[in-house]
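Below: the structure, in structure tokens.
Below, read A as the first sequence line, B as the second, and so on, with proteins coming before strands; counting in each chain starts at 1.
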Number of protein chains: 2
Amino acid sequence: MSQAPLACRPHNHDHCVDHALQDAEQRCSARGVRLTELRKRVLELVWQSHQPLGAYDILEQLSQQDGRRPGPPTVYRALDFLLEQGLVHRLASLNAFLGCTHPEHGGGGQFLICRQCRVAVELEHSATDQAIAQAAASVGFAVEQPMVEVLGLCARCQTREGA
Amino acid sequence: MSQAPLACRPHNHDHCVDHALQDAEQRCSARGVRLTELRKRVLELVWQSHQPLGAYDILEQLSQQDGRRPGPPTVYRALDFLLEQGLVHRLASLNAFLGCTHPEHGGGGQFLICRQCRVAVELEHSATDQAIAQAAASVGFAVEQPMVEVLGLCARCQTREGA
DNA sequence: AAAGTGATGTTATTCTATAACGATTCAGCC
DNA sequence: GGCTGAATCGTTATAGAATAACATCACTTT
Ligand SMILES: [Zn+2]
Ligand SMILES: [Zn+2]
Ligand SMILES: [Zn+2]
Ligand SMILES: [Zn+2]
């Protein structure tokens, strides 16, 4: 065990948000797709913490900001766009969305989800990718979208629980 | 690549069902829990194929068998029992349930889900378990419930698609 | 039989996601 | 500027998945 990830330690989270938004701008303009105001706002809301956020939570916060509430499709369309661009992930085990911390990698990644503090950390652990590839190959299965979501306790919450 | 799993090949599926039901009887009586008629019926419905089945599909089939339809809680309670006993799995990426083919192992297992024929195969690939354990350990995360669901094409459907 | 526990039935509700259609905005062109 | 097609967003209604709360039934123990 080396070091707990940034997400699990106190840190200046504004840096995370700023970096994510800037990176998203760049990425979208490079691809010729439009990071509209709504999409940017949704991305910012998803990034407001390292805890996955439900679509209806996003909806709620949007409606509080604006005074009126858009329909669910408005939020889901923005999320679909962000998913397509690889800027957020959807965690199937939580029905919730999380800002992507590894937009440079194409693959699925692995997610470690703390049942206590709800923080989710994204990894790009190639040995896991390879192990899954090997397992699939052993039965002739062609992998398209691997999904790894691990529920457990983050480093921080382990020490708290021990106390 | 050695051999495609039974689930992906033509086989006498009655054997699968019989074995699963008998094994479930044994397991439950050994633990002093009751595999009631309803629970057995739900288990049998889940085992009717190697394709994960939604709770509302089970509900539908129950209602067709009986002429009247119970409420969703009836089905979900039976499924909860079967999940607790490790007799079925829930696939979060599909919101669907699948008979367990490895009741002897406690762990989560890995699931290979064919997007074409919808068959899902459960593996117990220790190298994958270990890789995940190692990835988690590297950031001080304590694994409790690893979840691996891989979408792709099974061996059978690859040859079909190539044709 | 009486009481207690577990299992099931029933109704209503919550949470998540999508379908369908209309209105708006934007980019490129006349 | 004004026009046009395409993308985006708004709005309403609906589908799909899961649970809450409470009543009833069954099975066991005394
Ligand atoms: Zn941060
Ligand atoms: Zn934690
Ligand atoms: Zn079979
Ligand atoms: Zn297949």
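Between A:R27 and A:Q85, the side chains place no donor N or O within less than 3.5 Å of an acceptor N or O (distance only, hydrogens not considered). A donor and an acceptor atom, one from each side chain of A:H11 and A:H50, are located under 3.5 Å apart. Of the N and O atoms on the side chains of B:Q110 and B:T128, not one donor lies less than 3.5 Å from an acceptor on the other residue.
Rounded to whole angstrom, the span from the CZ atom of A:R69 across to the C1' atom of D:dA13 amounts to 16 Å. Between the P atom of D:dG10 and the CG atom of A:L59 lies a distance of 11 Å, rounded to the nearest Å. Atom CD1 in A:I58 sits roughly 16 Å away from atom P in C:dC15 (whole-Å rounding). Between the CG atom of B:L83 and the C1' atom of D:dA18 there is a distance of 13 Å, rounded to whole Å. Following rounding to the nearest Å, B:Y76 (OH) and C:dC15 (P) show an atom-to-atom distance of 15 Å. Atom CZ in B:R77 sits about 11 Å away from atom C1' in D:dT24, given to the nearest Å. Here D:dA18 presents its P atom at 5 Å from CZ of B:F97, a figure rounded to the nearest Å. Note: CZ (A:R34) to P (D:dA6) measures 15 Å, nearest angstrom.
Comparing C:dT16, D:dG10, C:dT8 by their nearest atom to the side chain of A:R90 picks out C:dT16. Closest to the B:L38 side chain, of the nucleotides C:dA7, C:dG9, C:dA20, is C:dG9. Nearest nucleotide to the A:A55 side chain, out of D:dT8, C:dG9, C:dA17: C:dA17.
With centres under 5.5 Å and a plane angle under 30°, the ring of A:Y56 is stacked against the base of C:dT16.
A salt bridge links B:R41 to B:D66: at least one charged side-chain nitrogen sits closer than 4.0 Å to a carboxylate oxygen.
Along DNA chain D, the nucleotide nearest to A:F81 and the one nearest to A:P72 differ in position, and the one closer to the 5' end is contacted by A:F81. For the pair A:D57 and A:P73, nearest-nucleotide mapping onto DNA chain C gives the more 5' position to A:D57.
Contact between the side-chain N/O atoms of B:N95 and the OP1/OP2 oxygens of D:dG16 is not found at any separation under 4.0 Å. Regarding contacts with the backbone of D:dC9, every side-chain N or O of A:T74 stays at 4.0 angstrom or more from both OP1 and OP2. Side-chain N/O atoms of B:R39 include one lying less than 4.0 angstrom from OP1 or OP2 on C:dA7.
One distance of note links CZ of A:R160 with SG of A:C117; it measures 6.5 Å at 0.5 Å rounding.
Aromatic rings of B:H89 and B:F111 (six-membered ring for Trp) have centroids within the 6.0 Å cut-off, being under it. Ring to ring, A:H13 and A:H19 are not that close: their centroids are 6.0 angstrom or more apart.
Remark on the helix from C:dA1-D:dT30 to C:dC30-D:dG1: inter-end axis angle 10°, axes from five-pair C1' superpositions, rounded to 10°.
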